[in-house]
2 protein chains.
Amino acid sequence: MEKFIEFVLQFGNLNKQQIDLIVRKASVVEFRKDEYYWEAGKIVRYIGFLTDGVIRVFYYNNKGEEITRYFIDENHLILSGNMVDEIYKPSEYLSAITDCKMIIFSKQDWKEILDTVIGWDSIIQKIVTRHHSEKISRRSELISQDGTERYLDFIQKFPTLVNRVPLSFIASYLGMTQSSLSRIRKNIL
Amino acid sequence: MEKFIEFVLQFGNLNKQQIDLIVRKASVVEFRKDEYYWEAGKIVRYIGFLTDGVIRVFYYNNKGEEITRYFIDENHLILSGNMVDEIYKPSEYLSAITDCKMIIFSKQDWKEILDTVIGWDSIIQKIVTRHHSEKISRRSELISQDGTERYLDFIQKFPTLVNRVPLSFIASYLGMTQSSLSRIRKNIL
DNA sequence: ATTGCTTTTTGCCATTTGGCAAATGGTTTT
DNA sequence: AAAACCATTTGCCAAATGGCAAAAAGCAAT
């Protein structure tokens, strides 16, 4: 829980009372490796904040292949589709890569916090904005790089993920087969 | 000029007086094919709205290759880097693919409009937000598609550009060589 | 240590794409 | 019409990646 408070306070100040109120509304959930946090098509009931573990976000393309969009690791807020415009689509699946621990708020409670805690909406707004600008990927850089370059970028950008995420998921994230990634990896050493 | 007013009014209402004020501040510029609208490293002096023509946005990667980030066509606002966070980077070049006509405002005038015309900032804010969400590219879709799929997407998404943009630029935008695109094109027919 | 299960690596070959240069086709200028 | 200048297509071969299956390595449970 401290992780969450600490995270939030980076984006604005809150007094003890406010923090207490938020903490009272929060619950802690754990789920195990390979459990879904949510599945495509289902209604999302929670706002979550991941405190431990790694989650994979993926979808199925028109050939039925599972494509990994990205990974979520510790200290990231997971807002549902209709709260942060279209970032998390209802067509996506979120599944735990490792055992996870998460703080969640029901949508009802979340709304109450928004109504009672002055400054909360501006904090969330800031988090969302930062999230947005992180997600505005530099399309052309990606597309004009070959597999090796994309992998090098990946390990540089997400050094903590490399050893916790199975190679097949990284390969899918990087848009190549796992054999190719295995070979690329070999050539880099 | 009408095009600009029409565009802006989609995002909010303005009265005659306000429109007049804006029109008085605006100037029309034309530039020819292959002229630069701006070059990397230079200070951008204007806010522009493209009424006719197509502009190409590109940069040089670390191998010195010219990479096309995207195209701007009619009815698009071009805000400079420090006004719309980092969308237009000072490391980018904007060059006309066809003869262009553009409405421009000096930064000074633009500020004055922001200060005097009530509702102007909210209109601009909406435009920027829309721009943002258009630019949040679906990274994984792109990267997991092969050349043919990317080209088919392109002609579907920008049907008006296909015949006005040289093949080499489209190829660069799609992250492939122009020979490859030429072959892909041939196979599609 | 052995077994069973999962992940990663490797081999083999097909397909795609890149790199480069020449040929072709189109457009503009004179 | 001819010449000059581009843009596009094509040919040739090399490099990168995909597809598939088997082998190897890693890990967990007994």
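Computed from heavy atoms alone, side chains included, the values below leave out hydrogens, waters and symmetry copies. Keep in mind that this is a model prediction, so the values were computed, not measured.
For B:Glu141 and B:Gln145, the side-chain atoms include no donor-acceptor pair closer than 3.5 Å. Between the side chains of A:Ser180 and A:Thr177, at least one donor-acceptor pair of N or O atoms lies under 3.5 Å.
Residue B:Leu167 contributes atom CG, which lies 15 Å from atom P of C:dT27 at whole-angstrom precision. One interatomic measurement links the two molecules: NZ of B:Lys63 to C1' of C:dG18, which rounds to 11 Å at whole-angstrom precision. In this structure, the CD1 atom of B:Ile184 is 5 Å from the P atom of C:dT17, given to the nearest Å. One atom, NZ of A:Lys33, and another, C1' of D:dC27, lie 10 Å apart when rounded to the nearest Å. Computed from coordinates, the A:Asp34 CG to C:dT6 P distance equals 10 Å when rounded to whole Å. Note: CZ (A:Arg164) to P (C:dT7) measures 17 Å, nearest angstrom. Atom CG of A:Asn187 is separated from atom P of D:dA15 by 13 Å (rounded to the nearest Å). Look at CZ on B:Arg150: it is 14 Å from P on C:dT16, rounded to the nearest Å.
The side-chain heavy atoms of A:Arg185 and A:Tyr151, taken from C-beta on, include a pair separated by under 4.5 Å. Inter-residue side-chain proximity for A:Lys33 and A:Ile97 is flagged as unmet; no heavy-atom pair is nearer than 4.5 Å. You'll find the side chain of B:Tyr173 reaches within 4.5 Å of the side chain of B:Phe158, heavy atoms only.
Of the candidates D:dT17, D:dT10, C:dG18, the closest approach to any side-chain atom of B:Ser179 belongs to D:dT10. Of the candidates D:dG19, C:dT17, C:dT8, D:dG19 carries the atom nearest the A:Arg183 side chain, counting heavy atoms from C-beta on. The nucleotide whose nearest atom lies closest to any side-chain atom of B:Gln178 is, among C:dT17, D:dT9, D:dG19, D:dT9.
Dashed line: the shortest gap from a side-chain N or O of A:Lys186 to OP1 or OP2 of C:dT9 is not under 4.0 Å. Side-chain N/O atoms of B:Ser182 include one lying less than 4.0 angstrom from OP1 or OP2 on D:dT9. OP1 or OP2 of C:dG18 lies within a sub-4.0 Å distance of a side-chain N or O belonging to B:Thr177.
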